[in-house]
Amino acid sequence: MTAESLHSVGDLVGAGLVSPDERDTLNRVASRYAVALTPTVRGLIDPSDPADPIALQYVPTAAELIETTDERADPIGDHAHSPVEGIVHRYPDRVLLKVVHVCPVYCRFCFRREMVGPQGDGSLTPGQLENAIRYIASHAEIWEVILTGGDPLILSPRRLRDIMTALAAIPHVSIVRIHSRVPAVDPQRISPELIDALKASGKTVFVALHANHPREMSQPVRDACTRLVDAGIAMVSQSVLLKGINDDPEVLAELMRTFVEARVKPYYLHHPDMAPGTGHFRLSLAEGQAIMKALRSKVSGLCIPTYILDLPGGHGKVSVGDGMLSEIEPGRYAVLDRHNALHHYP
């Protein structure tokens with residue numbers, strides 16, 4: 001992050017992104033959920049537009065103080081599947097390695113919003129990281145390691161290289177996937193040194209780029225993607241379906257085409273998770289399915305992501321396509337998980 005990043009409600013007021021009249025209310029939000037906007041993000045926002053789709057993703061609002069009974073601090077059950085600090089082992093052949101709990105930006109809909117930021121879970125200590133690597137090495141079934149957090153690409157190239165070198169010594173790990181906002185929100189950080197660090201494992205490396213609106217895919221962002229892909233690092237996308245931001249087939253079509261043009265394969269479109277204070281972003285599953293149906297009629301198959309629901313309670317991801325769920329009453333669904341077990345949602 002640079003000195004020009006915005007980190008507080010006072011910074012947002014000074015930048016003209018929120019009214020001084022909102023300061024007290026938004027300070028209540030910021031005391032619980034971290035705030036940060038990079039210069040790249042700030043430059044994309046139109047402060048004259050109250051419905052600006054970039055601002056809605058990053059600028060706190062009073063709506064975050066409204067919680068529902070279905071929301072939970074750990075909406076997808078990370079903690080229930082964490083055998084050691086920093087590891088989430090929900091699926092047999094892959095683990096999450098949560099190396100850091102800070103980000104260059106903080107999304108207002110983040111499903112880990114209770115865990116990330118200065119007031120969150122904190123980064124792994126050297127001893128905890130060593131223990132997490134030891135866990136991966138001791139489980140021969142682990143084929144893929146997914147670096148997440150927080151945003152792992154906020155780490156220095158030196159620290160990233162240390163992690164990738166440690167993974168290089170584990171023969172049964174073949175894939176390293178990094179989930180990151182950095183190429184979209186701080187593209188100059190994708191330097192030759194960082195790219196060399198990512199390749200230090202000798203494994204097949206994927207970067208999963210998180211972006212939700214086509215305006216986020218500016219030329220500097222596309223250039224960052226080019227640097228990664230030209231270096232042999234494959235890229236996929238992940239986005240979240242968000243009310244007022246991309247809940248429009250035309251907007252999603254433009255976003256997915258932009259990904260493909262940048263050699264980023266559309267991968268997941270997430271239904272918003274039940275994180276506290278995020279209800280204003282959520283559509284119904286029926287609305288999401290209708291949007292996906294319309295999207296399929298507009299774009300090439302290369303541009304179609306999988307529409308995913310991460311079931312509360314740690315039961316894993318399901319594709320919310322035909323046959324996977326049924327509405328049993330308005331706003332309430334029966335959903336089959338990957339083990340053919342039935343769950344009620346929400």
* When you look at W143 and V173, which way does the side-chain contact (heavy atoms from CB on, under 4.5 Å) test go after all the steps? -> CA-CA 5 Å; W143 172 78; V173 172; over 6 Å; no
Answer yes if the side chains of [X] and [Y] hold a donor-acceptor pair under 3.5 Å, and no otherwise.
{"X": "T278", "Y": "R282", "value": "yes"}
{"X": "E216", "Y": "N212", "value": "no"}
{"X": "D151", "Y": "S180", "value": "yes"}
{"X": "D46", "Y": "S48", "value": "yes"}
{"X": "Y307", "Y": "H271", "value": "yes"}
{"X": "S284", "Y": "E287", "value": "yes"}

* To do: Taking only Lys NZ, Arg NE, NH1 and NH2, and the carboxylate oxygens of Asp or Glu, determine whether R263 and D230 approach each other closer than 4.0 Å.
  => yes
* Are E261 and R222 within salt-bridge range, i.e. N to O under 4.0 Å? -> yes
Nearest 0.5 Å, please: how far is [atom2] in [Y] from [atom1] in [X]?
{"X": "L252", "Y": "I291", "atom1": "CG", "atom2": "CD1", "value": "6.5 Å"}
{"X": "E329", "Y": "R332", "atom1": "CD", "atom2": "CZ", "value": "6.0 Å"}
{"X": "Q57", "Y": "I45", "atom1": "CD", "atom2": "CD1", "value": "9.0 Å"}
{"X": "I178", "Y": "L155", "atom1": "CD1", "atom2": "CG", "value": "11.0 Å"}
{"X": "R94", "Y": "I136", "atom1": "CZ", "atom2": "CD1", "value": "14.0 Å"}
{"X": "I163", "Y": "L124", "atom1": "CD1", "atom2": "CG", "value": "8.0 Å"}

Does the [X] side chain pair with the main chain of [Y], one donor and one acceptor, at a distance under 3.5 Å?
{"X": "K199", "Y": "T204", "result": "no"}
{"X": "R112", "Y": "G149", "result": "yes"}
{"X": "N131", "Y": "G127", "result": "no"}
{"X": "R181", "Y": "H210", "result": "yes"}
{"X": "E254", "Y": "V251", "result": "no"}
{"X": "T25", "Y": "E22", "result": "no"}
{"X": "S82", "Y": "E85", "result": "no"}
{"X": "K265", "Y": "L302", "result": "yes"}
{"X": "R227", "Y": "I190", "result": "yes"}
{"X": "S201", "Y": "L167", "result": "no"}

* Verdict with supporting geometry, R177 and V145, side-chain contact (heavy atoms from CB on, under 4.5 Å) -> CA-CA 6 Å; R177 190 192 334 164; V145 175; over 6 Å; no
In terms of hydrophobic clusters joined by side-chain contacts under 4.5 Å, are [X] and [Y] together?
{"X": "I146", "Y": "I170", "value": "no"}
{"X": "L285", "Y": "I328", "value": "no"}
{"X": "V221", "Y": "V229", "value": "yes"}
{"X": "Y33", "Y": "I66", "value": "no"}
{"X": "Y267", "Y": "Y91", "value": "no"}

Can you check whether [X] reaches [Y] side chain to side chain, under 4.5 Å on heavy atoms?
{"X": "V335", "Y": "L311", "answer": "yes"}
{"X": "L12", "Y": "R23", "answer": "no"}
{"X": "R42", "Y": "L17", "answer": "yes"}
{"X": "L295", "Y": "P305", "answer": "yes"}
{"X": "V182", "Y": "P104", "answer": "yes"}
{"X": "Y58", "Y": "C107", "answer": "yes"}
{"X": "I54", "Y": "V59", "answer": "no"}
{"X": "Y268", "Y": "V240", "answer": "no"}

Contact summary for [X] and [Y], nearest pair of heavy atoms:
{"X": "L160", "Y": "P152", "answer": "CD2-O, 3.5 Å"}
{"X": "R189", "Y": "L194", "answer": "O-CD1, 3.5 Å"}
{"X": "A211", "Y": "M217", "answer": "CB-SD, 4.4 Å"}
{"X": "V13", "Y": "P20", "answer": "CG1-CG, 3.9 Å"}
{"X": "P183", "Y": "L209", "answer": "CB-CD1, 3.7 Å"}
{"X": "A51", "Y": "L56", "answer": "O-CD1, 3.8 Å"}

* Structure fact -> Contacts of H213 meeting ring-ring contact (aromatic ring centres under 6.0 Å, His included) (sequence neighbours excluded), chain-then-number -> none
* Greater than 12 external heavy atoms within 6.0 Å of R215's CZ -> yes
* To do: Only pairs at least two apart or in different chains count here, so list each side-chain hydrogen bond (donor to acceptor under 3.5 Å, both in side chains) that has a residue in residues 237-251.
  => H179-Q238, Q238-H270, E250-K298
* Structure fact -> Which of R32, H280, R28, R113 passes side chain to side chain donor-acceptor pair (under 3.5 Å) with E64? It is R113
* Apply side-chain contact (heavy atoms from CB on, under 4.5 Å) to the pair Y106 and R108, showing each step before the final yes or no. => CA-CA 6 Å; Y106 292 102; R108 309 323 304 169; 4.1 Å; yes
* Give the intermediate values and the outcome of side-chain contact (heavy atoms from CB on, under 4.5 Å) for residues V205 and M164. => CA-CA 10 Å; V205 179; M164 300 300 271; 4.0 Å; yes
* Hey, which of V176, L153, L147 is the one that makes side-chain contact (heavy atoms from CB on, under 4.5 Å) with L198? -> L153
* Indicate, with yes or no, if the rings of H89 and Y135 have centres closer together than 6.0 Å. => yes
